[in-house]
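Every chain is numbered from 1 and lettered A, B, ... according to where its sequence line falls, protein lines coming before strand lines.
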Number of protein chains: 2
Amino acid sequence: MKIRIVDIADKAGVSAGTVDRIIHQRGRYSEKTKEKVEKAIQELGYAPDIMARNLALKKELHIVCLIPNPNDTKYWERPISGIHKAISELASFKVDIKTVLFLPRKDDFKIACEQILQSNPDGVVYVPMFLQESLSFAELLNDKGIPFVHINIHHSLANPLSYVGQDPIAAGKTAASLCAMALQKNHHILIAYISKEKQEYSHLQDRIDGFIQYFDHKHSDQSQIFHLDIKTNKDESEYDKQLMQYLNKHPNIQLIYVPNSRAYKIASILKKYKRKDFIVIGFDTLIENITYLKEGYIDLIIGQQSKSQGFNAVMLLFNALFRKEAVNPQNLLPVDILNAENIDFYEGLMQ
Amino acid sequence: MKIRIVDIADKAGVSAGTVDRIIHQRGRYSEKTKEKVEKAIQELGYAPDIMARNLALKKELHIVCLIPNPNDTKYWERPISGIHKAISELASFKVDIKTVLFLPRKDDFKIACEQILQSNPDGVVYVPMFLQESLSFAELLNDKGIPFVHINIHHSLANPLSYVGQDPIAAGKTAASLCAMALQKNHHILIAYISKEKQEYSHLQDRIDGFIQYFDHKHSDQSQIFHLDIKTNKDESEYDKQLMQYLNKHPNIQLIYVPNSRAYKIASILKKYKRKDFIVIGFDTLIENITYLKEGYIDLIIGQQSKSQGFNAVMLLFNALFRKEAVNPQNLLPVDILNAENIDFYEGLMQ
DNA sequence: TTGTATGCGTTATCAG
DNA sequence: CTGATAACGCATACAA
């Protein structure tokens with residue numbers, strides 16, 4: 001038996017219109033009728049019918065997603081595809097979801113934020129790539145009472161409605177535990193990455209910290225951990241040599257841990273020099289990484305369900321806004337372990 | 001701009017009622033008006049409004065799920081929890097979803113099938129645990145034109161609307177690839193399992209086959225693969241001894257592969273004898289397995305997203321029935337690799 | 001064979 | 001401050 005708005009109107013001895021105004025706090029009602037109505041709602045256990053609401057609704061809900069341009073970093077294609085999945089899943093609701101892209105520079109990010117604030121959305125999903133700029137954006141959104149969700153990068157300060165993404169420390173520890181399992185006695189680990197100009201914030205350091213922490217807590221064995229940071233401002237052949245020279249100098253290195261999503265760069269060098277004798281472990285299921293995984297130049301990839309980042313964030317915001325559901329402030333995604341055998345079944349990657 | 005039923009009625013020069021009868025093929029219309037209407041639908045690109053339809057609908061959709069009783073095998077708790085998630089997700093639709101449990105015996109399965117057929121459901125989700133009985137159930141459902149989805153176990157013969165579950169061969173290969181990574185030179189593998197009376201069908205053999213296949217394709221090394229099948233019709237202390245004697249007789253066994261979900265049984269024996277020097281790899285995230293994983297008596301678990309099995313199956317059937325969506329005949333779930341570091345983030349296990 | 005009217009539960013407008 | 005009522009898009013019983 002379904003409780004409708006008229007049922008509680010009857011019970012409270014008022015009309016449906018009044019109940020509606022009280023439920024949506026549109027004003028124009030007295031305190032004592034409010035109390036009567038709320039009591040009736042409690043007693044009968046009223047829950048609104050989403051379908052009927054959506055049918056009767058005049059105005060749409062506006063949600064906007066601010067994501068780095070995938071032309072610059074391929075990674076962002078997958079969260080965007082998750083957003084598209086959410087869009088089609090919510091197609092029958094009166095909600096419009098837009099995606100705004102920004103180039104990974106502070107000025108472009110700020111311009112995009114401005115633009116979004118102008119459009120007065122009902123909710124925002126964004127990647128807080130720059131610490132300071134993200135905080136001021138969060139503040140402006142809070143001032144306007146617009147709820148927002150962070151994806152991929154977690155800032156404890158900004159106090160978003162929710163964070164959707166992985167715990168990068170846990171991801172680092174997971175990678176380390178696999179390394180510990182694969183590493184032979186008296187062999188060493190190299191933490192290597194090819195990085196662009198200094199990123200203000202990325203998972204890089206947390207993934208390294210988690211990795212180190214794991215080994216600190218375990219028996220240390222005879223293994224050592226080396227570090228090699230290669231800057232991309234040199235030409236390609238230059239950093240090829242830099243890596244190979246390092247590896248030749250430390251012949252007991254058996255395993256290479258690449259804490260950013262560019263393991264494929266390391267793999268391409270190893271392929272060039274026909275060195276399949278290393279175990280390489282990297283992050284993120286970019287198509288380039290998958291190619292080398294299947295060729296055997298990358299052995300393990302830690303996945304972070306990039307698609308779910310976009311999908312969950314939008315769904316969560318929608319449910320909070322439309323159905324007024326309570327939300328978890330943390331939506332921690334799994335730390336997925338992928339290799340050549342299970343990659344084909346991952347996140348509908350091959351569809 | 002939204003195309004409604006009256007829009008195509010206008011365009012075709014008929015009334016809304018006629019369009020409705022044609023769309024739902026309720027008869028009582030002439031061929032030539034049918035053509036006119038279908039042309040209009042094509043040209044205007046009509047898609048029904050799910051919300052309005054659900055609101056206007058009188059009768060509900062009945063979906064029934066036939067699942068083994070989790071009191072007997074704990075595994076089934078998770079698919080059932082996935083079904084419950086689907087139920088709450090579909091709460092606002094006019095659909096009722098029931099779960100029927102059966103004890104893992106042919107006679108009980110058959111009785112449950114009878115009962116379901118009596119109730120004349122619109123769609124069925126079931127675990128085809130017994131080959132012959134499942135095929136005849138499938139046939140009866142087909143005769144009545146009732147679509148059905150198989151979960152967990154795949155029978156190519158029965159021709160279900162879809163199969164939701166893992167590829168067990170791929171799961172075996174994935175386990176093998178991890179073993180290959182962890183195994184030290186000149187050390188051996190034991191495939192061990194404690195089984196009840198012969199199961200008619202389970203993933204067991206496929207998981208073993210996939211495992212063996214992987215090693216067949218790789219350089220064989222000096223490693224050997226041993227097999228040990230322990231029957232549960234002895235008393236506990238009996239099979240404790242059987243395992244330990246086997247391990248003592250083959251001191252170079254470093255790794256134990258348990259292809260069914262009862263790795264915790266093996267782990268409990270190893271714990272009793274304080275043997276942490278083996279790498280144990282098992283299947284399924286039963287609470288018992290997770291406990292030993294965290295204690296270090298199990299090292300790796302292959303997960304099959306048991307919860308998604310139930311959830312996806314119901315959602316898929318609902319979408320096929322209610323929104324008349326096309327469905328993939330295969331809904332292959334990922335092969336998840338879990339260890340002590342990433343288990344806490346898996347499938348909302350810890351919520 | 002076809003058209004019309006009513007209802008589903010909610011929102012929103014307008015008259016009291 | 002409050003009540004009545006017309007939409008929203010579709011299904012369906014009933015009238016023609």
Side-chain angles (χ1 to χ4, degrees), chain A residues 1-38 40-41 44-61 90-96 122 321-324, chain B residues 1-38 40-41 44-61 90-96 122 321-324:
Chain A
M1 180 51 202
K2 184 152 204 148
I3 306 298
R4 299 155 305 158
I5 229 165
V6 290
D7 295 325
I8 72 151
D10 275 4
K11 172 125 186 166
V14 295
S15 78
T18 305
V19 175
D20 181 72
R21 263 170 273 131
I22 289 170
I23 288 175
H24 295 91
Q25 308 181 56
R26 302 189 218 276
R28 303 189 302 162
Y29 51 80
S30 67
E31 264 310 307
K32 72 165 191 276
T33 52
K34 181 186 172 180
E35 277 162 29
K36 276 193 299 183
V37 166
E38 282 181 340
I41 289 181
L44 297 183
Y46 169 75
D49 182 318
I50 302 295
M51 307 291 167
R53 160 175 300 172
N54 191 65
L55 188 63
L57 230 40
K58 298 273 193 241
K59 75 172 178 89
E60 347 191 72
L61 219 54
L90 297 176
S92 26
F93 288 91
K94 288 208 177 58
V95 48
D96 116 292
D122 299 290
L321 250 27
F322 193 85
R323 337 170 81 121
K324 290 150 193 0
Chain B
M1 180 52 201
K2 183 153 207 152
I3 306 298
R4 298 156 305 158
I5 232 167
V6 291
D7 295 323
I8 72 153
D10 275 4
K11 173 124 184 168
V14 294
S15 80
T18 306
V19 174
D20 180 75
R21 265 170 270 131
I22 290 169
I23 288 175
H24 294 91
Q25 307 181 56
R26 302 188 217 276
R28 303 190 304 164
Y29 51 80
S30 68
E31 264 310 305
K32 72 165 191 276
T33 52
K34 182 188 173 180
E35 277 162 29
K36 276 193 300 185
V37 167
E38 283 182 339
I41 289 179
L44 296 184
Y46 168 75
D49 182 316
I50 301 294
M51 307 292 167
R53 161 175 298 173
N54 192 66
L55 190 62
L57 228 42
K58 298 275 191 233
K59 74 178 177 81
E60 356 188 68
L61 218 53
L90 297 176
S92 25
F93 289 90
K94 286 203 178 59
V95 50
D96 116 290
D122 299 291
L321 250 27
F322 192 84
R323 336 173 81 123
K324 287 147 190 7

Undergrad: Using a cut-off of 4.0 Å between protein heavy atoms and nucleotide atoms, how would you tag nucleotides 11-16 of chain C 5' to 3' with B, S and -?
TA: SB-B--
Undergrad: Just how far, in rounded Å, is P of C/dT1 from OH of B/Y29?
TA: 10 Å
Undergrad: Once you round it to whole Å, what is the distance between C1' of C/dG9 and NZ of A/K94?
TA: 13 Å
Undergrad: Check the distance between C/dT2's C1' and B/K34's NZ and give it to me in whole angstrom.
TA: 17 Å
Undergrad: Evaluate the side-chain proximity of B/K34 to B/V37: yes if any heavy-atom separation is below 4.5 Å, no if none is.
TA: no
Undergrad: Contact between B/E60 and B/F93 at the side-chain level, heavy atoms closer than 4.5 Å - yes or no?
TA: no
Undergrad: Which pair of non-hydrogen atoms, one from B/A16 and one from B/V6, has the smallest distance, and what is that distance?
TA: CB-CG1, 4.2 Å
Undergrad: Let me test you: for the helix from C/dT1-D/dA16 to C/dG16-D/dC1, what is the angle between the axes at its two ends (five pairs each), rounded to 10 degrees?
TA: 50°
Undergrad: Closest-nucleotide mapping onto DNA chain C: is A/K2 or B/S30 further toward the 5' terminus? I mean the 5' end.
TA: B/S30
Undergrad: Any side-chain heavy atom of A/I23 within less than 4.5 Å of one from A/I5?
TA: yes
Undergrad: Specify the separation, in whole Å, of atom CD of A/E31 and atom C1' of D/dT2.
TA: 16 Å
Undergrad: Inspect the contact between A/D49 and A/R4 and indicate whether a charged nitrogen and a carboxylate oxygen are less than 4.0 angstrom apart.
TA: no
Undergrad: Let me know the distance between CD of B/E35 and C1' of C/dT2, rounded to the nearest Å.
TA: 17 Å
Undergrad: With side chain to side chain contact (heavy atoms under 4.5 Å, CB included) as the test, pick out the partner of A/M51 among B/M51, B/R53, B/K94.
TA: B/M51
Undergrad: Find the distance A/F322:CZ to C/dT10:P and express it as a whole number of Å.
TA: 12 Å
Undergrad: Can you tell me the distance, in whole Å, between the CG atom of B/L55 and the P atom of C/dC8?
TA: 9 Å
Undergrad: Which heavy atom of A/S15 sits nearest to which heavy atom of A/A9, and what is that distance?
TA: C-CB, 3.7 Å
Undergrad: With a 4.0 Å cutoff (strictly under), does any side-chain N or O of B/T33 reach OP1 or OP2 of C/dT2?
TA: yes
Undergrad: Could you give the CD-to-P distance, from B/E60 to C/dC8, as a whole number of Å?
TA: 16 Å
Undergrad: With the side chain counted from C-beta on, respond yes when A/F322 and A/L57 share a heavy-atom pair under 4.5 Å apart, and no when they do not.
TA: yes
Undergrad: Please determine if a side-chain N or O atom of A/S15 lies less than 4.0 Å away from the OP1 or OP2 oxygen of D/dA4.
TA: no
Undergrad: On DNA chain C, does the nearest nucleotide to B/G27 precede the nearest nucleotide to A/D49 from the 5' side, or the other way round? Give the residue.
TA: B/G27
Undergrad: Using a 4.0 Å heavy-atom cut-off, does A/V6 contact any base of the nucleic acid, only the sugar-phosphate backbone, or nothing at all?
TA: nothing
Undergrad: Using 4.0 Å as the upper bound for N to carboxylate O, is an ion pair formed by B/K2 and B/D7?
TA: no
